[in-house]
Protein chains: 2
Amino acid sequence: MDEVDELLSIRAAELYYEENKTQDEIGQALRLTRWKVGRLLAQAKQRGFIRIEILHPRARRLPIERRLRDERGLADAIVVSSAGVTTAEELQARTAQAAADYLTALRPVPRTLGVSWGRTLFDLSQHLRNGWATGVNVVQINGGVSLNRRPGTAAATAVGIAQKGGGSATLLPSPAILERLATKQAIESDRVVAGVIDLARSADAYLFSAGAADHTSVHVESGYLAASEVDLLVEKGAVGDVVGRYIDSDGNIVDPALDARTVGLTLDELRAAPLSIAVISGPAKHPVADAVVRSRLCTVLVTDEATALHLLDG
Amino acid sequence: MDEVDELLSIRAAELYYEENKTQDEIGQALRLTRWKVGRLLAQAKQRGFIRIEILHPRARRLPIERRLRDERGLADAIVVSSAGVTTAEELQARTAQAAADYLTALRPVPRTLGVSWGRTLFDLSQHLRNGWATGVNVVQINGGVSLNRRPGTAAATAVGIAQKGGGSATLLPSPAILERLATKQAIESDRVVAGVIDLARSADAYLFSAGAADHTSVHVESGYLAASEVDLLVEKGAVGDVVGRYIDSDGNIVDPALDARTVGLTLDELRAAPLSIAVISGPAKHPVADAVVRSRLCTVLVTDEATALHLLDG
DNA sequence: GGTATTCGTGCTCATATGAGCAACGAGATG
DNA sequence: CATCTCGTTGCTCATATGAGCACGAATACC
């Protein structure tokens, strides 16, 4: 295709897409046959001169979703468009909304749903519609009594998802991380706690997010970890946490001693699940998202466009 | 249109524009008739959810061009797309290229073309192709011996346009602005200078740009005006200059005494021309562009998308 | 210099899409 | 409660578009 044709294809595209002319009319205007016009338009598209965007908070990027499924072996992928997004909150809200939509449309409806907690999942619980399901029981899969500010978001997340789904929530009455291994073992051997964890193991599906390994982490905010401890984990290769457990870029536990003091489902139990939905968005979480997908911690990923492209490029 | 339909129209748009499905296939996927799908897509478009952009340095914005013609009474308007533009130079280059294209396609070809000078027109002269016309004579319409750096761009502009158009250039051998009125009158009564100005008055078409009233002005750069003098003009309401003459937002001369010392075509002579092409781009020139169009200094405007929208909004 | 090959062109035909219309149903109105 | 009105739906038909094909010109190759 020579330069003249390139210019003509642009002129044709202007008349076609901006002026809504038919290819025949364009042909008359540019002194071309309508077949030539059709070919010019096809070339303009094929060469990437035409960009079509869907501007809507609920818009998804289906081609990227397919690439994620095909190239990264996911059972399903939901990628929200970031076109027109200005703030990080907006991106988070879009992703949470998409995850809520996915849950709502999920068939068969899980009878028991294991959930983690955190900002993203709380947001998700807020975006769910009342009656999104009829009779879904929710069980927490990792410890989560918030120590500092915003107490109860962990509980509110599980309870919210359950109530709106016409079911009830089973909370895991334990801190996320304990200071001493003996305490953790004692708690896990408690009848109630052990019962909840057993129930969590039997869930039909899991829903969780991931945290970045930095000072904004909910673990720091909630007081389970000091900022300096996170720095140490990063030095050991941590890229973020999943259900409270810090992993490196290969999805391996970074600090086994710390992990042993963490209450809840293990990562291998999560990996064994037939349906585990990860909801991860934002540039800060690109490394964790990568680790989660590579190490097959989830079968379904809900994320944003930029994160998805990061996963595909790397 | 209720919320459900809005969501459906987005789903339909995804399948239509990103997955290249037919409306019939989309109907099957979403359990709708193909007519419903067509209507949903039409609504998505009409509500502005679908954005189609043409990404190319030569792309123009025809709907904006039409609005400029219709709403601002221009004989013609060329608006280059600023999609994907990152630097000011790029925008300038696109606009200059579009003006060069316009000149090349102009029919009837002007026998004599009056030109101004400046960065924009120099850029334009560089973008013209050899042989863009056969036998166009170019005449300078305002004084333009550069005093400081980049000497000769004024001459190079006129000569370049003429040579590439198979004609010759007639230069106006005079400074743009003289220090004393008497000197200006003396120069204008010189046989050669008077002849050039007469020729300029008889040109078939004029091509000029406009300068912003700030310290980046070519007049400051060329040494005709001190930065402080420009500040003074701004205080008196100047928004920029056209062929060396400073105007306010209504297109009136800001400083008649200064204007009397400026050599070249007057603004009223320019306004009387049947074809005068202004090439103006960049955010800094929004106010001058407005003044030029409002006061009918040009019949044809070549500009960028943002400037055009500024003219239409205000 | 003749022949083969490739590419672009204009066509036919099948398909996708949009305009316009009649029938239907939900809600308003007497 | 009957009727009216308006908006929605599924349709028919006209039009716009894309796929595939045969031809001819330009280029490569023997």
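Order of the sequence lines fixes the chain letters, A, B, ..., with proteins taken first and strands second; residue numbering starts at 1 for each chain.
A salt bridge links B:R294 with B:D290: the closest approach of a Lys/Arg side-chain nitrogen to an acidic carboxylate oxygen falls below 4.0 angstrom.
Going from atom CD of B:Q43 over to atom C1' of D:dT8 covers 11 Å, rounded to whole Å.
Side-chain N/O atoms of B:R39 and base N/O atoms of C:dG18 include no donor-acceptor pair closer than 3.5 Å.
A donor-acceptor contact shorter than 3.5 Å links the side chain of A:T157 to the backbone of A:T153. Between the B:T22 side chain and the B:E25 main chain, a donor and an acceptor come within less than 3.5 Å of each other. When atom types are taken as modelled, the side chain of B:T95 and the backbone of B:L91 share a donor-acceptor pair closer than 3.5 angstrom. A donor-acceptor contact shorter than 3.5 Å is absent between the side chain of A:K21 and the backbone of A:L15.
Contacts classified as salt bridge (charged side-chain N to carboxylate O under 4.0 Å, His left out) and involving residues 28-43 of chain A (residues at least two apart or in different chains) are given here: A:D5-A:K36.
Using a 4.0 Å cutoff on non-hydrogen atoms, no part of residues 12-28 of chain B comes near DNA chain D. Shown for residues 30-37 of chain B: residues whose heavy atoms fall under 4.0 angstrom of DNA chain D, namely B:T33, B:W35, B:K36.
By the side-chain hydrogen bond (donor to acceptor under 3.5 Å, both in side chains) test, B:T134 pairs with no residue at all, sequence neighbours left out.
Within the 4.5 Å cutoff, the side chain of A:T170 has no heavy atoms near those of the A:V138 side chain. By the 4.5 Å heavy-atom criterion applied to side chains, B:R60 and B:S81 are not counted as neighbours.
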Look for any protein N or O under 3.5 Å of an N or O in nucleotides 23-26 of chain D and output each such pair with its distance, or none.
none

Contacts table for residues 97-116 of chain A: side-chain donor-acceptor under 3.5 angstrom, sequence neighbours left out:
residue, atom, partner, partner atom, Å
A:Q97, NE2, A:D101, OD1, 3.0
A:D101, OD1, A:R58, NH2, 3.3
A:D101, OD2, A:R58, NE, 3.1
A:D101, OD2, A:R58, NH2, 3.4
A:Y102, OH, A:D76, OD2, 3.2
A:T104, OG1, A:A100, O, 2.7
A:R107, NH2, A:T104, O, 2.9

